[in-house]
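Here's the structure, in structure tokens; my notes come after.
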Amino acid sequence: MLIGTAWAQPAAAPAAEEPREAAAPNPDDAEGPVRPYEVTFTPTGNAQLDTAMEGVSVLRRLRESVPTSAEGLVARALQDLSNLRTALRSEGYYAGTPRVTVAGEAPDAPDLAIRLQARGPEPVPVVIAAETGPLYRISTVTTRPAVLEEDISEAGEVAGLGPGDPARAEAVNSTQETLLTRLREAGHPFASVPRREITVDHDARSMEVVYRVQPGPRARFAQPAVQGSENVDPELLRRASGVLAGEVYNPDELDRVRRDVLALGVFGTVRARIGERLDPEGRLPVTFLVAERPFRAIGGTAGYETRYGPTLRAYWEHRNLFGAAERLRIEGEVSRTTQRGVSDTGYRLSANLRQPWFAGLNATAVTDVAILRERLLAYDRDAITAGFSLERKIDPRLTLSAGIAGEIGNTSELDQDLRYTLISLPLGARFDGTDNVLDPSRGYRANLLVSPTLSLGDTHATFVRVRGTGSAYFDLSGDKGSILAVRAGVGTLAGAEAGQVPPHLRFYAGGGGSVRGYDYQSIGPRRRDQSPRGGLSLVEGSVELRQRISGPYGVAVFADAGSVGEEALSGFGDLRVGAGVGFRYATAIGPIRADVALPLSKVPGSAGFGFYVGIGQAF
């Protein structure tokens with residue numbers, strides 16, 4: 001029985017799995033006239049091995065960039081024999097034999113260089129092949145020391161490599177990294193795998209792998225320190241970072257809290273640094289290094305939609321209003337609509353205040369106040385709104401909210417003027433598992449808002465309004481060049497008749513962000529003059545293919561559909577579908593979007609197409 005043993009450091013290349021051979025002569029030291037050559041690889045039947053062989057071949061890599069002589073060509077061929085043997089072993093073929101022929105002869109043939117130099121000017125044919133032999137497989141994978149405390153033992157279960165698997169160097173290397181990750185996730189910040197021991201049994205055609213583990217102590221986080229902040233309340237930072245204190249060390253948890261500190265909005269960068277040793281209490285010191293960003297900002301956006309006209313928004317923001325990362329945002333909006341054939345101006349002036357760690361709680365208080373005027377095809381509305389809610393981030397992707405909201409206003413429709421007072425208790429859930437907030441390419445999102453509402457004034461009613469949306473994103477090409485995006489939305493309003501509900505709370509469909517190609521609010525039940533009346537249920541859906549063309553330029557093709565029903569559960573009655581194409585230009589703040597859409601079945605009185613311009617994807 002033939003057994004070979006080798007030791008390899010964690011970052012060693014596959015060649016370190018076997019004893020090193022004597023260094024080959026530099027293939028480009030030889031002097032003499034240049035001897036051109038051509039290289040052909042004979043497939044082995046294993047695509048990964050073929051790729052590995054091409055990757056290590058000096059003959060292939062230097063053929064065009066570094067011309068050589070006949071002697072240099074022979075030297076390269078001899079070096080390739082060694083490199084190819086390494087490639088075979090890296091893929092588990094320890095009994096494999098590399099083959100290189102130069103003009104049909106072995107590279108170690110006597111006086112080969114002289115015969116090559118005597119050939120005519122045509123390139124010398126070089127053929128690279130290999131006899132793979134049997135594939136060696138893993139027999140055992142263990143960690144030493146073998147007896148560890150229970151939590152380390154569980155973490156030390158090696159993932160990705162087991163008995164019967166091919167003895168590939170990449171798998172051995174990646175498994176070592178997985179083992180190290182498992183140890184750290186089990187609470188060992190100073191864990192290391194300083195070396196591994198590999199034994200190859202040529203008779204059994206197998207490999208035994210032993211990872212030498214140094215787990216180090218299991219630790220809990222100390223109270224983190226925050227350095228670099230000059231204008232933010234230290235008590236707020238202690239609370240925001242202090243959720244780590246006492247928790248078992250975990251790099252993912254450390255990064256989550258780092259992102260939570262960044263999400264306060266007052267820092268441009270936040271870096272986490274752990275100590276090199278435990279403190280006297282046996283806890284792991286942590287320091288967050290922060291850099292404050294400008295606290296004041298102004299900005300604006302603009303959009304355009306056919307028939308609805310342009311919309312202009314501007315805002316002013318202070319991100320550290322009282323010194324504890326309170327963010328005040330004052331926003332103004334002006335919109336014009338030509339749906340009635342006359343120019344009417346709508347406006348909205350709002351203030352939003354967000355207070356993290358409100359009253360010492362791990363929650364954000366959100367206060368909203370707004371004054372607005374709407375002049376739409378379906379109704380006119382003048383109102384004052386106010387709301388207060390608490391938001392709690394359950395994990396990095398899921399946020400829950402609950403609050404109270406009020407509104408005083410009046411609306412005008414064709415057949416009804418309504419003065420109302422609304423009191424509601426909105427309950428919300430928001431999930432975002434996408435890879436990019438502004439321009440997602442994979443993952444999914446979901447939003448749900450349930451609002452029990454009491455309506456007072458000209459009508460008295462109690463009802464529940466439910467609105468849910470979800471979207472998913474698929475990277476078809478793997479490089480974010482082709483993205484398939486799908487969206488679905490549903491809504492229902494239960495407990496009251498449509499006439500008892502203020503018109504702005506009823507459901508409508510059509511327009512940008514809904515069913516493109518149709519006028520804003522044009523889909524759904526209508527009055528006798530064919531103006532939209534709104535309904536008590538909503539179903540919407542969209543499919544969009546986003547294709548990058550070159551650099552920041554891209555296009556999109558899409559189809560939207562929507563239906564609004566007169567009852568709270570009315571299904572898919574009078575479903576309307578729109579389709580179109582769009583242009584995208586990527587920027588740092590999201591893509592600039594321009595879409596043109598056509599209705600596949602026109603609504604009376606609506607335009608024959610829709611044109612939409614804005615910043616950000618449609619969904």
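For the pair Arg546 and Phe619, the cation-pi test (distance below 6.0 Å, angle within 45°) is passed. Figure legend: cation-pi geometry between Arg60 and Phe41 absent, as NZ or CZ is not positioned both under 6.0 Å from the six-membered ring centre and within 45° of its axis.
Not less than 6.0 angstrom separates the ring centroid of Tyr93 from the ring centroid of Tyr136.
Dense packing is recorded around CZ of Arg119, with more than 12 heavy atoms of other residues, nucleotides or ligands lying under 6.0 Å away. Heavy-atom neighbours of Arg205 CZ from other residues, nucleotides or ligands within 6.0 Å: at or below the threshold of 12. Other residues, nucleotides and ligands contribute more than 12 heavy atoms inside 6.0 Å of the CZ atom of Phe190.
The side-chain heavy atoms of Leu88 and Pro98, taken from C-beta on, include a pair separated by under 4.5 Å. Taking 4.5 Å as the limit, some side-chain heavy atom of Arg442 sits within range of a side-chain heavy atom of Lys480.
The two atoms that bring Pro107 and Leu81 nearest to each other are CG-CD1, 3.7 Å, heavy atoms only.
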Would you sort out whether Tyr553 and Tyr585 count as a ring-ring contact (aromatic ring centres under 6.0 Å, His included), showing the intermediate values?
-> CA-CA 5 Å; Tyr553 300 100; Tyr585 181 82; 5.2 Å; yes
For Tyr473 and Asn436, what are the C-alpha separation, side-chain angles and deciding distance, and is it a side-chain hydrogen bond (donor to acceptor under 3.5 Å, both in side chains)?
-> CA-CA 11 Å; Tyr473 307 88; Asn436 188 298; over 6 Å; no
Verdict with reasoning, Glu197 to Arg195, per salt bridge (Lys or Arg N to Asp or Glu O under 4.0 Å) = CA-CA 7 Å; Glu197 300 168 3; Arg195 74 177 192 274; 3.2 Å; yes
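No side-chain N or O of Asp201 forms a donor-acceptor pair with one of Ser206 less than 3.5 Å apart. Remark: the Ser441 side chain and the Asp435 side chain contain an N/O donor-acceptor pair separated by less than 3.5 Å. Side chains of Arg196 and Asn173: a donor-acceptor N/O pair is present below 3.5 angstrom, by distance only. A donor-acceptor contact under 3.5 angstrom links the side chains of Asp479 and Ser477, judged on distance only.
No donor-acceptor pair closer than 3.5 Å links the side chain of Arg584 to the backbone N or O of Arg548. Judged purely by atom type and a 3.5 angstrom limit, Asp50 uses its side chain to pair as donor or acceptor with the backbone of Thr44.
Below 30°, between 30° and 60°, or above 60°: for His202 and Tyr94 the angle between ring planes is above 60°, a perpendicular geometry.
For residues 272-294, the set of pairs meeting the salt bridge (Lys or Arg N to Asp or Glu O under 4.0 Å) definition, not counting sequence neighbours, is empty. Pairs of residues two or more places apart, or lying in two chains, never qualify as ring pair (Phe, Tyr, Trp, His ring centres under 6.0 Å) while including a residue from residues 60-86.
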